[in-house]
Novice: 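Take this structure, written in structure tokens, and hold onto it; I'll ask about it next.
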Amino acid sequence: DRRVGPDLGPDAPAYPQHEVPSWYRDAKFGVFVHWGLYSIPAWARPRRPGEHVPVELEYHHHQYAEWYANTVRIPGSPTRLLHEREYGVGTSYEDLADSWTIEAFDPRRWMRLFADCGARYVVPTAKHHDGFCLWDTATTSFSSVRRGPRRDLIAELAEAAREAGLRFGLYFSGALDWHVSDFAPIRSATDLFTLRRNDEAFARYSFDQLMELVDRHAPDVLWNDVDWPDAGKTAGPSSLRALFERYYEQVPGGVVNDRWGVPHLGYRTREYHSEEGVTPWVWEATRGLGTSFGYNRAEDDRHLIGHGDLVRLLVDTVAKNGNLLLNIGPRADGSLPEDQVERLRHLGDWLKAHGEAIYRTRPWVRYAEPVGAPVRYTVGPDGAFHLIAMDPSAGWLRLADDLVESARATASWGDVPAVVDASGHVTIPPGLRGLPAAVLTLRQAHPGTG
Ligand SMILES: CC(=O)NC[C@H]1N[C@@H](C)[C@@H](O)[C@@H](O)[C@@H]1O
């Protein structure tokens with residue numbers, strides 16, 4: 001029962017054409033940061049990987065800690081019970097704003113870490129569904145400048161990101177803002193579509209907020225979430241069309257995602273999912289390191305993706321023409337959870353050794369083989385062809401027929417020549433068998449260059 005979008009009628013705006021910029025396609029790896037009031041309670045009912053939650057409990061047991069403001073309002077939810085126990089019945093979620101202190105916040109350290117771990121862009125939340133603004137906005141007093149930290153966190157993050165050589169994007173919750181809505185809590189997928197404002201005043205509010213951020217920081221990525229208020233989807237000075245036109249004018253190398261609810265997008269997004277194969281469109285896989293974007297203190301190492309699986313997730317995504325936007329959920333005080341940092345560093349170490357097979361590459365005509373050892377393919381800007389073995393511990397693999405000839409002539413594991421026999425059997429050097437993925441590079445032009 002997905003709500004049919006508004007009938008935009010004959011005056012439906014014509015949206016600007018805008019290519020996904022090559023910096024974005026070359027970047028391959030970005031860091032998402034969900035940080036806000038929800039990081040104070042930092043709690044959602046932990047969901048074990050693969051656990052099935054019946055659809056009627058989806059929202060009652062929401063695994064996203066950043067949804068606390070909604071979950072806490074569902075009578076009897078585990079979040080409501082925890083909140084009453086820890087904060088008392090009389091404390092609202094919004095009251096927490098005044099208790100937010102960020103004594104451990106060090107934006108330069110964050111950005112140096114992300115850059116050192118191989119990220120090329122960073123996308124922090126400017127405003128999530130709770131409506132709390134992390135920048136010096138003139139549109140509301142519900143912000144990190146007027147409450148709690150009394151600091152313009154987006155400005156500090158923007159400066160630190162660019163100082164660290166990172167592209168700087170912004171996440172914005174276009175459709176949901178629970179501070180300026182007074183609906184009942186969302187308890188189903190249907191509620192998610194019906195319990196939201198679509199009026200002109202809200203469309204203008206969202207437009208004004210996002211334009212403040214565009215005018216002030218010229219973000220390289222506009223990462224809108226869920227949808228946009230319907231009243232902003234028709235013609236008018238504060239319409240989405242006007243927003244895109246102003247954005248592209250001010251940020252010619254900028255890029256938007258695909259969650260605006262109108263027939264305009266930059267790259268497509270997949271959340272905790274992947275594409276099936278190489279796609280003609282540019283896309284981005286996003287997920288938390290665990291089952292939540294906002295920090296969830298109820299999660300432990302068992303809930304987080306394995307170090308090796310994280311490397312293979314990036315490789316698989318890139319081979320399918322995607323980027324990975326990996327989320328970090330800082331604690332309220334601005335410190336970064338050690339188990340998250342550890343995975344980021346492990347990915348960074350792999351990228352330091354094998355980044356040539358990732359950055360600035362493009363997919364080949366196929367991303368993998370239907371049978372045989374799991375491999376992924378990428379093609380470098382210089383024509384170098386990379387076969388990435390996804391299970392080096394097997395010790396060997398058999399090349400597809402169309403690769404054997406060029407492999408026998410030029411293949412190497414880094415600077416170690418590869419041992420390839422006439423049947424395409426190639427040995428994986430023992431020293432590489434402990435890696436999460438090993439890279440065989442063919443330097444010579446090969447069949448089917450993508
Ligand atoms: C598919 C979709 O609309 N997801 C919304 C979801 N996006 C994540 C990146 C987080 O920000 C969630 O809190 C948000 O609800």
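We count ligands from 1, going down the list as the structure has it; atoms in each ligand are counted the same way. These numbers come from a predicted model, not from an experiment. Computation of the quantities below employed the complete heavy-atom set of this structure, encompassing side-chain atoms and omitting hydrogens, waters and symmetry-equivalent molecules.
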Novice: So T101 and D333, do their side chains get closer than 4.5 Å, heavy atoms only?
Specialist: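 Contact flag for D333/T101 side chains = no.
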
Novice: Testing the 3.5 Å rule here: is there a donor-acceptor pair between the side chains of Y59 and N70?
Specialist: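 No.
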
Novice: Is it true that K127 and E212 make a salt bridge, defined as a side-chain N closer than 4.0 Å to a carboxylate O?
Specialist: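 No salt bridge links K127 with E212.
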
Novice: Would a distance-only check, ignoring hydrogens and angles, find a side-chain to backbone donor-acceptor pair under 3.5 Å from D116 to R112?
Specialist: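 Absent.
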
Novice: Starting from the N and O atoms of ligand 1, find every protein N or O within less than 3.5 Å and list the pair with its distance.
Specialist:
unit_1, atom_1, unit_2, atom_2, d
ligand 1, 4 (N), R259, NH1, 3.3
ligand 1, 4 (N), E271, OE1, 2.9
ligand 1, 4 (N), E271, OE2, 3.4
ligand 1, 7 (N), D225, OD2, 2.7
ligand 1, 7 (N), E271, OE1, 3.0
ligand 1, 7 (N), E271, OE2, 3.4
ligand 1, 11 (O), H34, NE2, 2.8
ligand 1, 11 (O), H128, NE2, 2.9
ligand 1, 11 (O), Y171, OH, 3.3
ligand 1, 11 (O), D225, OD2, 3.2
ligand 1, 13 (O), E66, OE2, 2.7
ligand 1, 13 (O), W67, NE1, 3.3
ligand 1, 13 (O), H128, NE2, 3.0
ligand 1, 15 (O), W67, NE1, 2.8
ligand 1, 15 (O), H129, NE2, 2.8

Novice: Please check if the side chain of R120 supplies one atom and the backbone of K28 the other of a donor-acceptor pair under 3.5 Å.
Specialist: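 No; judged by distance alone, with no hydrogens or angles, the pair does not exist.
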
Novice: With sequence neighbours left out, which residue pairs that include part of residues 294-322 fulfil the ring-ring contact (aromatic ring centres under 6.0 Å, His included) condition?
Specialist: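 Listed by first then second residue: H307-H346.
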
